[in-house]
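Please read the structure below before turning to the comments.
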Amino acid sequence: MRGLLVLLVLLPAAAFAQSAGEVERCFQTPGACSAGSAPAPMAPSAAPRVAAPQPDYTTVLNSPEPDRRKLQESLRTLDKYTGPIDGNLQSEATVKGIGDWQRGHNAPVTGKLTPPEAVALNNEAARTPIKRIDPSSQAAAPPPAPPAATPAPAHSNADALKALQARLAERRKAAEPKAEAAARSLVNDLKAYAAADGKGVAGEQFAGFAKWYADNKAAGRSVGEIASVIDDYGDAKGGAAVTSEVLIESKKEASSWSHCMVFAWIEGSPRKNAQAFSCDDVAAVEKWKTDQALRSAWR
Amino acid sequence: MHRALLLVALILVAGAAVAQSRYGKADRRDPIFLRFPEMAERYWVNTETMAASHKAVAVPLPKQCAFVYSDAYTRGAMSEREVEETALSNCHRKLAELGPLGDNYNVNCQCRVVISDESYVVPRNEMPDQAFGPVSIFYRDDRGNVARLSGVARYGALIGRDRSVTFAVDNPRGETVCEGTFTNEGVNAGRFALNCFGGKFSGTGTYQTKFGAPNDHVIGRGQTGRGQPIVMVIGLPSQLAVGTYGAI
């Protein structure tokens, strides 16, 4: 009988974790579910520390202002703090930064530092190299330098920059024939589409261009000159990627308008991942390049 | 004399208005740029965009809504206002494409221009200080019933980049219901652990960060201690998450 009673008491708890309905109810009203429950296993900092001595937080909080500023600078170096360096270790941002740092070290997340923690924080920041923007990282990886038979003499930054520029120019020169052929082919397709009064691969591949053409046609305008300038070219995950800025003239009687679009595609027959953007939407063009993992041979 | 005083007063009022519209310089290390590294690259590094005469960033606010962004840069002779309008319009478009947010949020998420020409144009305390994203958790119990939980996830670092990222899940009423960790084990992939309602519901599994359309998101697949499947999606509104990953 007692065994049955125990079973009756345990059953709802056992059933709880498995029932989708209960999980949904607990999600909506967590207070009803977590009351009296054991601490979350993934929050060790919340576990009771009955026998542990009280940690010393006052020493660091009452330390001289330069020391407190130094701690904020250390947090900033470690990307944990972006607020002012004012020595206020009890500001919201500083407490949060300390908490983030403690969390990353599996320490109790208190937002306050004990003296050993303060030392560890400063030491960690001192070991972190200052991050600098590497200009060479903006371009695709340059071809590897030929192995030197003898130790190379030390070069100045200006020499290194010149060498980098020379490599970039060489790489672009090598890419130019293919890039220009791809851009010429696009312009031919755009002209053919206009000549066929809205029929052809250019419209099928570039929906944005087809819409622009249809709008102009509805407004009684015809297509005039089409000129392109290569914006970027390089290897991407799907093949050679091209982005080309195209200026398209439209005319009606004596008036003319010019419209700028960036055409982006992966070379192939048919073109892949083709998209047309407004020239103003630089962010979208750059996002397209990122999505295609374009390694520029042009810039 | 009166006219001169009026002029001085007008200048002072105008000056104050301008001063009120700026809330300090933006910095590459600000949370918004750490949250969206691609944008940071364009805003601060990429020579094609960083040197634009005008640039602007728009995100949905309040801060927990800022899981998408839009940045715009001068092309041709665009004015600062036109660049801001482009950013705002693209932000609205992105939100509209992702669909309704009502299952995840109980606040009205609205796009606003937050940075213009390297200065904040909203108070700093309105800016997100950590990463947020809509989250959906799907769980199938041993009877085949499926729970669909929708809320907001918040975390302090970049999932998939930082070695270990702790996160919390709030329900639409803003109550914290789950905690967990993502542990990076490879390129944008690793393991996750989830713990809800004080340990009464928990699971572990693997996750992957996915980039691109419809929005960058994290998809985690795992199981509870009793082997029942769990799917967790961070970064897609509930309806989109259900449509994409809801068939658990």
Side-chain angles (χ1 to χ4, degrees), chain A residues 13 15-43 76 79-83 92-93 96 99-100 103-104 106 109 131 133-135 137-138 231-232 260 262 278-288 290-292 299, chain B residues 27 29-31 34 38-39 42 44-49 52 70-73 75-76 78 82 86-87 90 129-130 137 139-143 145-149 151 156-157 163-164 166 171 173 175-181 193 195-202 211-213 224-226 228:
Chain A
F16 164 81
Q18 299 302 307
S19 155
E22 278 299 326
V23 170
E24 283 191 347
R25 272 192 287 281
C26 286
F27 193 83
Q28 297 306 327
T29 51
C33 292
S34 56
S37 64
M42 278 189 302
R76 181 176 279 187
D79 282 344
K80 304 292 182 195
Y81 177 66
T82 55
E92 191 180 341
K96 183 180 174 305
D100 287 348
R103 195 172 289 114
N106 294 323
V109 180
K131 291 172 189 166
I133 295 164
D134 176 8
S137 68
Q138 293 171 44
D231 167 71
D232 210 342
C260 182
V262 174
S278 158
C279 284
D280 293 336
D281 203 355
V282 186
V285 176
E286 295 300 321
K287 174 103 168 56
W288 182 90
T290 307
D291 291 345
Q292 308 305 321
R299 296 177 170 182
Chain B
D27 186 278
R29 289 179 154 193
D30 287 347
L34 297 176
E38 277 182 13
M39 178 179 75
R42 289 193 292 270
W44 300 105
V45 182
N46 187 324
T47 47
E48 292 296 305
T49 41
S70 165
D71 49 339
Y73 305 85
R75 267 284 169 122
M78 286 171 83
E82 284 171 320
T86 302
N90 288 342
D129 47 5
Q130 52 184 330
I137 299 169
Y139 160 66
R140 193 180 66 224
D141 68 16
D142 53 5
R143 294 184 176 182
N145 298 317
V146 174
R148 293 198 171 97
L149 318 174
R163 190 180 59 80
S164 181
T166 57
N171 67 16
R173 296 198 302 187
E175 298 164 308
T176 300
V177 281
C178 306
E179 290 177 325
T181 51
N195 192 321
C196 305
F197 327 130
K200 287 188 172 176
F201 176 76
S202 60
F211 298 98
T224 65
R226 299 187 180 198
Q228 296 305 125

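All chains are named by letter (A, B, ...) in the order of the sequence lines, taking the proteins before the strands, and each is independently numbered beginning at 1. Just so you know, these numbers use all the heavy atoms, side chains as well, and skip hydrogens, waters and symmetry mates.
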Quick one: side-chain hydrogen bond (donor to acceptor under 3.5 Å, both in side chains) partners of D100(A), sequence neighbours excluded?
K96(A), R103(A)
Sort Y73(B) into side chain, backbone, both or neither according to what part of it lies under 4.5 angstrom from a heavy atom of chain A.
both
CG (D71(B)) and CD (E286(A)) are apart, to the nearest 0.5 Å, by 9.5 Å
Heavy-atom cut-off 4.5 Å, strictly under: side chain, backbone, both or neither for T49(B) against chain A?
side chain
Indicate the atoms forming the closest heavy-atom contact of C26(A) with V177(B), along with that distance.
O-CG1, 4.3 Å
If I compare all heavy atoms of F201(B) with all of V23(A), which pair ends up nearest, and what's the gap?
CD1-CG2, 3.7 Å
Looking at E24(A) and R148(B), would you say the former's side chain and the latter's main chain have a donor-acceptor pair under 3.5 Å?
yes
Looking at D141(B) and S19(A), would you say the former's side chain and the latter's main chain have a donor-acceptor pair under 3.5 Å?
no
If every non-hydrogen atom of K287(A) is compared with every non-hydrogen atom of R42(B), which pair is closest and at what distance?
N-NH1, 4.1 Å
Please classify the contact of N90(B) with chain A as side chain, backbone, both or neither, using a heavy-atom distance under 4.5 Å.
side chain
Partner residues of T290(A) under the side-chain hydrogen bond (donor to acceptor under 3.5 Å, both in side chains) criterion, sequence neighbours left out:
none
For P31(B) and T82(A), work out which heavy atoms get closest and say how close.
CD-OG1, 4.0 Å
I'd like to check R173(B) versus T29(A) (side-chain heavy atoms, cut-off strictly below 4.5 Å). Are they in contact?
yes
As an exercise: rank E175(B), E48(B), E38(B) by heavy-atom pairs under 4.5 Å with chain A and give me the winner.
E48(B)
Please check this pair: side chain of R29(B) against backbone of R76(A), looking for a donor-acceptor N/O pair closer than 3.5 Å.
yes
